[in-house]
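Below: the structure, in structure tokens.
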Amino acid sequence: MLNVQDRDVHQCDSGWVPVFVDQDKSISLMSIGFLLEKPDDAVVWRGPKKNALIKQFISDVAWGDLDFLIVDTPPGTSDEHITAVESLRLYRPLGAILVTTPQAVSVADVRRELTFCKKTGLKVIGIVENMSGFVCPHCSECTNVFSKGGGQELAQHAGVPFLGCVPLDHQLTRSLEEGRDFVQEFPKSSAFPALASITQHILSVASRSS
Amino acid sequence: MAERAGPALVDVPPHECPGTGSEQAGKATACQGCPNQGLCASARTAGPDPAIEEIKEKMKTVKHKILVLSGKGGVGKSTFSAHLAHGLAEDETKQVAVLDVDICGPSIPKIMGLEGEQVHQSGSGWSPVYVEENLGVMSVGFLLGSPDDAVIWRGPKKNGMIKQFLRDVDWGEVDYLIVDTPPGTSDEHLSLVQYLSATCIDGAVIVTTPQEVALQDVRKEINFCHKVKLPVIGVVENMSGFVCPKCKKESQIFPPTSGGAEAMCHALNVPLLGKVPLDPQIGKSCDMGHSFFSKIPNSPATLSYRDIIQRIQDYCRHNHPQEDRNP
């Protein structure tokens, strides 16, 4: 998605050097994708091995001075999540953002995720409702492909902030497929204002906490 | 358990791991620095799990076993599993069972309209919950007290649960057992294949969406199947094209920029079972716990689903699993 799939991770004295996504080196990235010999190699690992790698990613990567560290996780409430929360506890994480699609089947899993955050003492920054409505590029009719409003209802029900709805946007999916910079290239697309306002919300939470 | 990696940086090598069952376990050069080296070297992991034999006995009454896998989450795996089961169960002479091994995100109870149901214990084990007389379901969702309950378990506990599901559930005589899995290639998948190793799995159906970002993970999933010698029945491309209900024109919400599942299947020489268009009615039916076959019997999505189910039936009919293929 960030168009760095062929790059390699190097080692230096202070650890693994993350891959820089842009010229200014303002975004650095670490992923197991960089450690695979072939892109199609399956990582068939049980929990303990995954946990060990996550701990290494946090402690042994030369991240340098960062303003924000964003941790993207797989679905669920298992090894990766428990280990990430445990290893980051020392660094007092700002909190978790929960992403759901609007339909009830998806919201049901995010309810469980909220319980996970509560039990592990992780603050919930808020809920994002993704794939919320699709505007037909031919006739501009908006269809709620995956229903509507589930994320917002859940946020109300659980008493956590609702960060916003991001519509299904073919420009966004296409831009991710091609690894392009969506924010720079598609400021007029329908998903852009939603993403910008969510980011603004998160920045204000961060500035209040520091 | 030794989970802490040594201070040295190690590029964890998945290929060269000799495997826990090997004589070289914990002793090979590739084991240097592996967090599990101590455990493997202690030989505590050697020897097959006695549960494998018990599961083999239990599974003697189950004719066909189909795993449903995906690389990414949210591509429609549980929707597919549930509707494969509904479709197969339309033949009243066939007994169908669904096992949901997505321990942390069990969606099957909701999709099949069984939310809030509990499992009953009988003399011969746990009884599945029945949607219809010939369609039984088992899921960790039936063991939870409230929809807010989270299952915060690491791998070994999930594996224990899967073992129980396979060994201690009173499945009875079953023609098709459909196993719905979480995304990925980790504990749940390895355990399933391991526990079912003495029986015979017909194969796996892999569900994906058309974009390259999703297909990347499907290639990994197919490699996993090859690695553990699990036959691939085929790939289902879900959310493939969307027809606007107003202007009836089609758009690609998830664009197949690299040719979609079709091109990938062709390149990897695995069958493409079919493409299912994105229909908002499908999600709605799942939220309400109904089968969309009865809600929208003539929609292109239903027709495509029926075609895929027919192909899976044909596959199973021609595939007579021999017992003890992998003793």
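Note on naming: letters A, B, ... go to the chains in the order of the sequence lines (proteins, then strands), and numbering restarts at 1 for each one. Basis for what follows: all heavy atoms, side chains included, without hydrogens, waters or symmetry-related copies.
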**Q.** Between B:Lys72 and B:Thr208, a side-chain donor and acceptor under 3.5 Å
**A.** no
Q. Does B:Lys220 use its side chain to pair, donor to acceptor, with the backbone of A:Pro39 at less than 3.5 Å?
A. yes
Q.
Heavy atom to heavy atom, less than 4.5 Å: which residues from residues 150-163 of chain A reach chain B?
A. none
**Q.** Proximity breakdown for A:Leu168 and chain B, heavy-atom pairs closer than 4.5 Å
**A.** side chain
Q. Which of the residues A:Ser78, A:Pro75, A:Gly76, A:Gly47 is involved in the greatest number of heavy-atom pairs with chain B at under 4.5 angstrom?
A. A:Ser78
Q) Are the side chain of A:Thr143 and the backbone of A:Val145 linked by a donor-acceptor contact shorter than 3.5 Å? A) no
Q: Please list, in residue-number order, every residue in residues 279-288 of chain B that has a heavy atom less than 4.5 Å from any heavy atom of chain A; write 'none' if there are none.
A: B:Pro280, B:Cys286, B:Asp287
Q.
Can you tell me which portion of B:Ser191 sits under 4.5 Å from chain A's heavy atoms? Options are side chain, backbone, both or neither.
A. both
**Q.** Nearest heavy atoms of A:Asp109 and B:Pro106, plus distance in Å
**A.** OD1-N, 4.3 Å
Q) What closest approach, in Å, do A:Ala96 and A:Cys117 show between heavy atoms, and which atom pair accounts for it? A) CB-SG, 4.1 Å
Q) So, for A:Tyr91 and A:Ile58, which heavy atoms are closest and what is the spacing to 0.1 Å? A) CE1-CG2, 4.1 Å
Q. If you tally heavy-atom pairs under 4.5 Å against chain B, which of A:Gln103, A:His81, A:His170, A:Met1 wins?
A. A:Gln103
(Q) Could you tell me if B:Gln194 and B:Ser197 have a donor-acceptor pair between their side chains, going purely by distance under 3.5 Å? (A) no
(Q) Quick check on B:Asn159 against chain A: is it the side chain, the backbone, both or neither that has a heavy atom closer than 4.5 Å? (A) side chain
Q) With only heavy atoms counted, which part of B:Leu278 is less than 4.5 Å from chain A, the side chain, the backbone, both or neither? A) side chain
Q. Do you know which of B:Ser146, B:Gly73, B:Ser107 has the most heavy-atom pairs with chain A at a distance under 4.5 angstrom?
A. B:Ser107
Q.
Are B:Pro300 and B:Pro277 packed together at the side-chain level, in the sense that at least one heavy-atom pair is separated by less than 4.5 angstrom?
A. yes
Q.
Please rank B:Lys157, B:Glu212, B:Gln252 by heavy-atom pairs under 4.5 Å with chain A and give me the top one.
A. B:Glu212
Q: Verify, without hydrogens or angle tests, whether B:Ser70 (side chain) and B:Ile206 (backbone) share a donor-acceptor contact under 3.5 angstrom.
A: no
Q. Side chain, backbone, both or neither: which part of A:Phe134 has a non-hydrogen atom closer than 4.5 Å to chain B?
A. side chain
Q. With chain A, which of B:Gln216, B:Glu115, B:Met239, B:Lys110 has the greatest number of heavy-atom pairs at distances under 4.5 Å?
A. B:Lys110
Q. Does any heavy atom of chain B fall under 4.5 Å from the side chain of A:Asp169, the backbone, both, or neither of them?
A. neither
Q.
Is B:Asp149 close to chain A through its backbone or its side chain, or both, or neither, when contacts mean heavy atoms under 4.5 Å?
A. backbone
Q: Considering only heavy atoms and a distance below 4.5 Å, find which of B:Val218, B:Leu190, B:Asn223, B:Asp102 pairs most often with chain A.
A: B:Leu190
Q | Contacting region of A:Lys119 [heavy-atom separation from chain B under 4.5 Å] | A | side chain
Q.
For chain B, which candidate among A:Glu141, A:Glu178, A:Gln5 shows the most heavy-atom pairs at distances under 4.5 Å?
A. A:Glu141
Q.
Quick check on A:Lys38 against chain B: is it the side chain, the backbone, both or neither that has a heavy atom closer than 4.5 Å?
A. neither
Q) Do other residues, nucleotides or ligands put more than 12 heavy atoms under 6.0 Å from A:Arg174 CZ? A) no
Q.
For A:Arg46 and A:Asp79: C-alpha separation, side-chain torsions, deciding distance, then whether salt bridge (Lys or Arg N to Asp or Glu O under 4.0 Å) applies.
A. CA-CA 9 Å; A:Arg46 290 187 181 272; A:Asp79 284 287; over 6 Å; no
Q: Taking all heavy atoms of A:Cys139 and all of B:Lys246, pick out the closest pair and write down the distance.
A: SG-CB, 4.2 Å
Q) Does a salt bridge link B:Lys158 with B:Asp187, judged by any charged N lying under 4.0 Å from a carboxylate O? A) no
Q) Between A:Glu86 and B:Arg154, does at least one N-O distance fall below 4.0 Å, as a salt bridge requires? A) yes
(Q) Side chains of A:Asp22 and A:Ser26 only: does a donor on one sit below 3.5 Å from an acceptor on the other? (A) yes
Q: Would you check if the side chain of B:Asn238 reaches a backbone N or O of B:Val75 as a donor-acceptor pair within less than 3.5 Å?
A: yes
Q: Would you kindly say whether A:Thr115 and B:Asp148 are connected by a side-chain donor-acceptor distance under 3.5 Å?
A: no
